[in-house]
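Sharing a structure with you now.
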Amino acid sequence: MHDDSQFEGDSGWLLDERLTEEEVRRVKARLRVRRRPTRWIWLAAAAVVVLVLLFFPRTDPVIEPDRLLIEIVRTDLSEARPYRIEIEMKRGVER
Amino acid sequence: MSEEQRLVERVGRGDEEALGALFERHREFVFRVALGCCGNREDAVDVVQESFLALLREAGSLDLSGTRLSTWLYRVARNKAIDSLRRGSRPAIEVSPAPEPAPDAVLLSDQRRRLLGRAVTELPPRSREVFVLRVGLALSVERTAELTDSEPGAVRTALTTAKRQLRTILNRMEKGSDARRLAVRR
């Protein structure tokens, strides 16, 4: 049978438990591994932003009607031979 | 601002050296709490790792005014240990002998350690928490109350309850092992 006095002897029963060197190494290695991807994610995100800014075609709402006009003319003339199309841009016409 | 708060701020800025310093300072405490709650080393080591990962994630926004980092780490470790117990990933208890036993600690036989460790994991959460802190880690009633966010009187009451529950569990375990021994003899 067990009584209260038995547990008095158990005081501090966990105090002589320690992480072994191997366990410490394992935890430290996992902490380092978990940190590394975070840095890479930031670097990769920054690279994606730079690439998008450099290469993504910017759409300008003012230019868009002109581009459509070029497309219509090019379709009508067919692509049998190259054409030079010149469009005189008149700024502020829409206003 | 305390030195520890400064270290936490550095961890928040991604300083690995500061994280290492805090890990060295608190790892054994977190491990013992986790071992007391989980009852086996593998899960306890996982809890240590997850607790320091939580520190890594939250250090940037962690406000320690009015509390100690060990209190914050304790609560994280306790919750992770409870999650681990709920998952029931590993069979409870295999507390191995310590490589360098503390001279003032009461040395118990491996068998006694295993039995007690397994019995503690069967305690209800509140009883287990108080028993691990007050008896397992030999913390004062006041510190146990601080960590468990309760009053010293409530800790004493919970401890009495825990001891009663533990006696019942240990008696049941011993009866079970006696019955198995008898069955083997027959």
Side-chain angles (χ1 to χ4, degrees), chain A residues 1-68 91 94, chain B residues 14 16 19-20 23-24 27-28 30-36 41-42 44-46 48-53 55-57 95-108 112-113 116-117 119-120 131-139 159-160 162-164 166-171 174:
Chain A
M1 291 295 284
H2 298 269
D3 54 27
D4 260 0
S5 61
Q6 178 191 16
F7 299 121
E8 284 168 22
D10 293 325
S11 184
W13 107 88
L14 283 167
L15 288 178
D16 52 352
E17 293 292 343
R18 301 175 68 87
L19 284 160
T20 64
E21 285 305 310
E22 196 273 330
E23 287 165 340
V24 170
R25 269 197 302 275
R26 198 171 5 132
V27 173
K28 280 183 173 176
R30 286 181 195 167
L31 288 175
R32 272 195 294 272
V33 167
R34 292 287 178 94
R35 282 185 61 75
R36 219 165 280 151
T38 316
R39 277 193 205 144
W40 282 110
I41 284 168
W42 283 112
L43 284 174
V48 166
V49 168
V50 168
L51 286 172
V52 165
L53 288 175
L54 281 176
F55 297 110
F56 200 81
R58 287 190 297 171
T59 53
D60 190 330
V62 177
I63 299 299
E64 186 67 5
D66 302 332
R67 193 188 65 75
L68 287 174
R91 295 282 172 196
E94 288 175 351
Chain B
E16 284 191 31
L19 178 68
F23 178 72
E24 292 302 321
R27 70 183 196 195
E28 300 300 344
V30 174
F31 173 66
R32 287 166 186 156
V33 165
L35 187 62
R41 294 187 75 91
E42 282 294 304
V45 171
D46 286 349
V48 172
Q49 179 201 320
E50 286 171 23
S51 303
F52 282 94
L53 279 173
L55 175 63
L56 200 55
R57 277 194 304 272
V95 181
S96 61
E100 290 171 33
D104 56 342
V106 180
L107 296 179
L108 302 168
R112 165 79 185 154
R113 243 177 241 274
L116 185 62
V120 169
F131 190 84
V132 164
L133 294 173
R134 181 76 185 102
V135 181
L137 295 175
L139 296 179
L159 190 62
T160 306
K163 285 178 176 177
R164 193 181 63 242
L166 206 52
R167 274 199 303 276
T168 308
I169 295 167
L170 284 167
N171 285 332
E174 287 194 347

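Here is how names work: the chains are called A, B, and so on, in the same order as the sequence lines, proteins then strands, and each is numbered from 1. None of the values given here were measured: they were computed from a predicted structure.
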Task: 4.5 Å side-chain heavy-atom contact, B:V120 and A:W13 - done: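 Of all side-chain heavy-atom pairs linking A:W13 with B:V120, at least one is under 4.5 Å.
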
Open item on the list: Apply side chain to side chain contact (heavy atoms under 4.5 Å, CB included) to residues A:V27 and B:R27 and explain how you reach the verdict.
Closed with: CA-CA 10 Å; A:V27 173; B:R27 70 183 196 195; over 6 Å; no

Task: B:E24, part contacting chain A, at a heavy-atom distance under 4.5 Å - done: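 Looking at B:E24, just its side chain touches chain A.
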
Open item on the list: Between B:R41 and A:E17 (salt bridge meaning N to carboxylate O under 4.0 Å), is one present in this structure?
Closed with: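 Yes, B:R41 and A:E17 are salt-bridged.
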
Task: side chain to side chain contact (heavy atoms under 4.5 Å, CB included) partner of A:L31, chosen from B:L55, B:V48, B:L53 - done: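 For A:L31, the side chain to side chain contact (heavy atoms under 4.5 Å, CB included) test succeeds with only one of B:L55, B:V48, B:L53, which is B:L53.
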
Task: Under 3.5 Å donor-acceptor, A:R18 side chain and B:E28 backbone - done: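 A pair under 3.5 Å: no.
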
- [ ] Would you give the length of the straight line joining atom CZ of B:F31 to atom CG of A:L14, rounded to the nearest 0.5 angstrom?
- [x]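 Going from the CZ atom of B:F31 to the CG atom of A:L14 covers 9.0 Å.
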
Task: Verdict with supporting geometry, B:Q49 and A:R26, side chain to side chain contact (heavy atoms under 4.5 Å, CB included) - done: CA-CA 9 Å; B:Q49 179 201 320; A:R26 198 171 5 132; over 6 Å; no

TODO: Tell me, for B:F52 versus chain A, whether the close heavy atoms (under 4.5 Å) come from the side chain, the backbone, both or neither.
DONE: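 For B:F52, heavy atoms of backbone and side chain both lie under 4.5 Å from chain A.
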
Task: Salt bridge flag under 4.0 Å for residues B:D46 and A:R30 - done: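 Yes.
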
